[in-house]
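Report on one structure; see the data block that follows.
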Amino acid sequence: MASTTRSSAPEPAGNSAETTLPWGAGDSAPATEPKRAHSRGFGVGFVVKLILMALINAFGIYGIVAAFGVGSWAIAVFLILALIAANLIYFLPGRRILPAKYLFPGLIFLLVFQVFVILYTGYTAFTNYGDGHNGTKEDAIAQLEQTYEQRVEGSPQYPVTVLSSDDDGALALATLQDGQVLVGSQDTALAPAANAESSDGSVTAVDGYEVLDYAETVNSPEQLAELRVPVSDDPADGALRTADGSTAFAYTPTLTYDDGQDAMVDADGTVWADQGTGAFVSPDGEELRPGWQVFVGFDNFAAVFDPEVIGGPFLSVTLWTFAFALISVASTFLLGLLLAILLNDKNLKGRNIYRAIIFMPYAFPMFLSALIWAGLLNTDYGWVNQVLLSGAGVPWLEDPWMARLSVLLVNLWLGFPYMFLISTGALQSIPEELYESAAMDGAGPVRRFRSITLPMLMVAVGPLLIASFAMNFNNFNVIYLVTQGGPQDLDSTTGVGATDILISFVYKIAFSGGTNDYGLAAALSILIFVMVAVVSLLTFRRSKALEEIN
Amino acid sequence: MGPGQLRIQAGDDEIPGLQQIAERFTDATGVTVEFIQREINAQSISDFIAQAPMGQAPDILISPHDNLGQLAANGVIASVEMGDRGEDFTQNALTAVTYDGVSYGVPYAVECVAMVRNDDLTQDEPETFDDLRAVGRRLMDEQGLQYPFTISQSPTNGDPYHLYALQTSFGAEVFARDEDGEYLPELTMGGSEGEQFANYLADLGETGDLRTSMTPDIAKEAFINGESGFHLCGPWDLVDLEAAEMNCTVFPIPPAGPEEARPFAGVQAFFVNANGRNPVAAQDFVTNWITQPESQLALYKSTGRPPASSTAVEQMQDDPWRTQYAVIAETALPMPAIPAMGAVWSFWGTAQNAIVDGRGEPQQLWENMISNIEGQI
Amino acid sequence: MSSATTQPQTQRGRKRRTKAGRSNAWWRHVVALIMCVFALFPLVYALSSSLSEAGSLMGSNQLFATVTGANYQQLFSDPQTPFMRWFVNSLVIAGATALGTTLMGAAAAYAFSRFRFNGRRKGLMSLLVIQMFPQLLAFVAIFLLLFAISGVYPFLGLNSRMGLIAVYLGGALGANTFLMYGFFNTIPRDIDEAATIDGASHAQIYWTMILPLVRPILVVVAMLSFIMAFSDFLLAQIVLQDPSQYTLAVGLYEFVSVQFGEDWGVFSAGAIIAALPVMLLFLFLQRYIVAGLTGGAVKG
């Protein structure tokens, strides 16, 4: 790597006093070298490309075949489209397609793993997905029928053996009662079997049946789950069901699914009907759990207009979220930049060590450091109050404003090494000659910083600051690990706290009310997203932050 | 075709004990057992619920019973009928794994909080919580201790769990219960009982006996360092007390009010995935193997949690502390597993903290909390 | 650090800077030391906790009251927690992620910086906007996605390290692209134009001229994505289910994710060891970061 740099890096402009750009227009040094590389490297590059494309096509075609094989139509279609796109992009000539060659690999991953999350969230926002509405209606019916069987009162526990009929392979159960082998199947009640053997209290052979061994038993879970062997001809005695293949109990059904009414019918005659809400509902409005997933239209979005949510805390939480994100970016960047400039002085002894130490907070698992900070800020026992402030009882995390200050402080600690690192990297792109010529012109350190360092630096890190704002806007982890959004507003039923940002507020509304409501969470996060995106785009459009200065 | 495999999601400390049981199980049945090491928290429960309908979740899940309501409401766990095999279990353990009248799991441990006394500092056995505070205060004067007693709290969330025994001693249980002992989503913390408790909390805070800033780490370490004579904690702290070779006695929490001080009981239980890949073997494993006292003891040895089987409790030799915990757990109140409980925790804790820290009039704060929770349910 | 150069201007500059450096040195050291204390003191707690017997994190302000290596020993000896294996998994996953992110991010940044095409600005905006999307439901979506992929490419699906790497690469065009985009913009286009006139192809300009010039930022991005992948446990926990596949972050998180049963001592010990490769990487790569454009040219 070092040698390529040397061979292709241009000589610094000898005299750059005449230009404000870092590189003089008279830069001609690199022109000769790529030419050499060009004549030598064309063939190699093309061969590499061919091999890569061959691998990609093999990978894609394999995937398409496999996806059709397992019936994953969506994946198959996606792969076909992606593969066609890849071949077109990399084999078609023309300058128009050039950017796509560079963007395609990253975009594919972005599409699959990030855009999918967004689409999925969008889909979920229109469903009732969440606790109690987890799967399909079929699953819910099966689960309800299975779960709400009542064990017949006073009935014994039956040790059973699972049999399979020689005729049709249907399962049956055999049990031993007073030395007599009883056999029964789905339609026939338990009855003494004519030719049967038993030993040690368990049935070993029955005429007309095969005794299933353990492996065979556990390998027929579906049939076993459906098997109900009537104890007698009286339905009140119940039917045997075994869950483990060795012990059975007599149950009477309490909830059964009625196809005609599309409802669950209770033993006492109550009808739980499907009214389109994703659950069976009784006449008096009670719902059976589990229910299933259905589309609910804009219901989740309507929840925003709950006066408890939008009325009180929403505005203050929004303001705080913007403040948190802006101050976090500004503070981490300023501190990081300051240190980067400070340690960018070649004459400072030990600067490599300083750099490594200052970088350390970033090398540590954030999860641990955030919790340590919460401990350090403990009112009675924390190091900050106890040692640093010699026993002052500053309520760092209990007072609303102090808590806000605290999360900003912790976020500063967590984030400044990152800004320090990128500022250090960005400072390297500013040629020293600029400073030297500026110094010759008599510019002081402050002016040099303002007229050279800052503008040059902003070209490099400006776009990143925007990205950093976006990240902090949804910085759930810091809030959650340090204060959990608290101190809580004791008068609000939403449980909102002083340090809650929008995303942690959504989390509280959708997940902490006893049940996880993913549909609501999705709808609320989409609304947040729209709000942030619009505000940000408007701001950035005006700020021209994404335009380079060249 | 072989009998296949069982995938069991368990915690770090449960796996060594489970491995012994699994070995015997595999020898007898041929089913191999694979462990998925994952501690239980809100995220791992959500993951299980999301993954179960796709048939991707483990066959067996070990979880504290307070997640039962959520698991059952999602239909991701199967009912488990222990039948005669459940006779060995304490009533609390059986009630805890029952939800909406259906039994769902096989318990292996029952945990609750109790009072641990440092016998080197005092031999007093206080009858009431006020006596205990008085003894603690005396020890502070006489022996220069730091605290009358230590208890785990949280400055951000409060800790109603550790304080619950004091609350029930005033008769203010969190939810109403039906005749079978199952919880109903009907808040019963209010009324004069609740207000008395709120006043008591305010007093605890005013005197500095109770501090919301005392996190679990600080409380435990202070007790180990001999800074307090009494420590209100669960059996999970015992390992460290043993490591410090402390000389202690475990006894029930003395009541602060007129009634018995009953803490929450948390039951660790095995649940069977309703859409698991090997449901029959899973049912066999939990109902026929985990119910054995031998298995319960193996899990006790690897986790240090008092077992749920009475036979196993009797066989816990040379462990007076955990035996005492098991006895106390019998009269403890199972932690509610109903979804409404989720709405209670955060309001409950923050209101208690506000009262202890003196950030308002105690009864007013308590009433506020009640109406906020009712607003959410 | 740098060899001598014969350019008189540079020498004059150096002399001036040396003088300034001397007179300013003391306050720079003071500020640097203060910042080092600020950066370090919370971590000293982690170190103290990793060496203590009690297994607590913030039990007392008395640091290093007891010093024992028991937690470290437990970390490496417990068969339940194949720590070394996790370590290797983490290095492999984070290394591959860093490489892939840097390559794809740099390519995208190059396209945005150097080509003028329809939708360029919109593309940049979209990348930015996508990052603002709250990932509250990612844990369900990613699982569903990998479950579907498992059926087609088993080696890329659930419980595979490759699958996790692919998930991480989904973020390659994130903040990193903006970082590199900004950096690419500081390199004058005259360089490419001159090379194009000389007949160099876009690929040659990219690989042999531009990339070497932006080496410091490539190293920075590689480090950042390495750290991201190394410390993530949320996504890793969804993808990896078998303890032998775990990364360090997932494995360590398990130590403290159980209520009241947190093993902070072992967790801290693990975190300290986990921080080591990142630190070493930084120490090693530092010279590539700071030996930037001018350094590369002036130095021999």
Side-chain angles (χ1 to χ4, degrees), chain A residues 4-5 8-9 12 23 31 34-35 37-38 63 66-67 70 72 75 99 102-103 105-106 109-110 113-114 116-118 120-121 342 347-348 354 356-361 363-365 368 372 375 383 386 425 428-429 431-432 436 459-460 463-464 467 470 474 503 521 525 529 532-533 546 548, chain C residues 13 18 21 28 32 35-36 39 42 45 58 61 104 107-108 110-111 115 117 124 129 131-134 136-138 141 145 151-152 167 169-170 172-173 175 178-179 181-183 185-186 188 194-195 198 200 204 208-209 212 216-217 220 231 271 275 278-279 282-283 289 292-294 296-297:
Chain A
T4 40
T5 307
S8 58
W23 301 93
K35 206 172 190 178
H38 172 68
V70 297
S72 301
I75 293 185
Y102 287 86
L103 289 169
F109 279 93
L110 183 84
F113 290 101
Q114 303 235 325
F116 178 80
V117 172
I118 294 176
Y120 178 79
T121 308
L342 184 83
N347 298 312
L348 191 71
Y354 287 140
I357 291 177
I358 282 171
F359 182 68
M360 271 186 84
F364 237 72
L368 177 65
I372 290 181
W383 184 86
Q386 282 274 309
Q428 313 309 317
S429 69
E432 244 170 66
E436 281 156 12
V459 177
L464 185 97
N474 290 323
I503 196 71
S525 44
F529 173 66
V532 190
L546 291 177
E548 69 276 43
Chain C
T18 311
R28 283 167 186 268
M35 289 318 296
C36 286
Y45 272 85
M58 303 299 300
N61 283 311
M104 295 197 297
Y110 179 65
F115 303 122
F117 51 94
L124 271 172
V129 161
Q131 287 184 71
M132 291 180 176
F133 196 87
L136 265 184
L137 287 182
L145 187 65
V152 180
V167 173
L169 290 182
L173 298 197
F178 283 87
L179 180 51
Y181 169 73
F183 218 84
N185 284 343
T186 64
D198 284 345
Q204 285 165 334
T208 63
M209 294 176 54
I217 215 64
V220 168
S231 59
V278 182
M279 287 304 300
F282 181 77
L283 281 172
I289 297 171
L293 289 174
T294 41

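Here the structure is a predicted model, which means the values were calculated and not measured. Numbers restart at 1 for each chain; the letters A, B, ... are given by sequence-line order, proteins then strands.
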remark   = If one checks every heavy atom of A/S72 against chain C at 4.5 Å, the contacting part turns out to be side chain
message = With a 4.5 angstrom heavy-atom cut-off, is it the side chain or the backbone of A/Y102 that approaches chain C, or both, or neither?
response = both
request  = Could you tell me which non-hydrogen atom of A/I372 sits nearest to which non-hydrogen atom of C/Y45, and how far apart they are?
outcome  = CG2-CB, 4.0 Å
request  = Under 4.5 Å, counting heavy-atom pairs only, tell me which of C/L136, C/V129, C/L145 racks up the most with chain A.
outcome  = C/L145
request  = Pick one of side chain, backbone, both or neither for A/F359, based on which atoms fall under 4.5 Å of a heavy atom in chain C.
outcome  = side chain
inquiry  = Between C/F133 and chain A, with a heavy-atom cut-off of 4.5 Å, which part of the residue counts as in contact: side chain, backbone, both or neither?
reply    = both
remark   = Closest non-hydrogen atoms of C/A271 and A/L368, given as atom of the first, atom of the second and distance, are CB-CD2, 3.6 Å
task = Could you tell me which portion of A/I358 (side chain, backbone, both or neither) has an atom closer than 4.5 angstrom to a non-hydrogen atom of chain C?
result = both
query = Which atom pair, heavy atoms only, marks the closest approach of C/V152 to A/G63?
reply = CG1-O, 3.3 Å
inquiry  = In the structure I gave you, are the side-chain heavy atoms of C/L169 and A/F113 within less than 4.5 Å of one another anywhere?
reply    = no
task = Under 4.5 Å, counting heavy-atom pairs only, tell me which of A/P99, A/A67, A/A470 racks up the most with chain C.
result = A/P99
ask   = What residue in A/A66, A/A363, A/P365 has the most heavy-atom pairs under 4.5 Å with chain C?
value = A/A363
request  = Let me know if A/V70 has heavy atoms under 4.5 Å from chain C in its side chain, its backbone, both or neither.
outcome  = side chain
request  = Considering only heavy atoms and a distance below 4.5 Å, find which of C/A275, C/S231, C/P134 pairs most often with chain A.
outcome  = C/P134
ask   = Between C/A195 and C/M209, what is the shortest heavy-atom contact and its length?
value = CB-SD, 3.6 Å
ask   = If you take all heavy atoms of C/R28 and A/L348, which pair is closest and at what distance?
value = CB-CD1, 3.6 Å
ask   = Looking only at heavy atoms, which two atoms of A/G106 and C/L173 are closest? And how far apart?
value = C-CD1, 3.6 Å
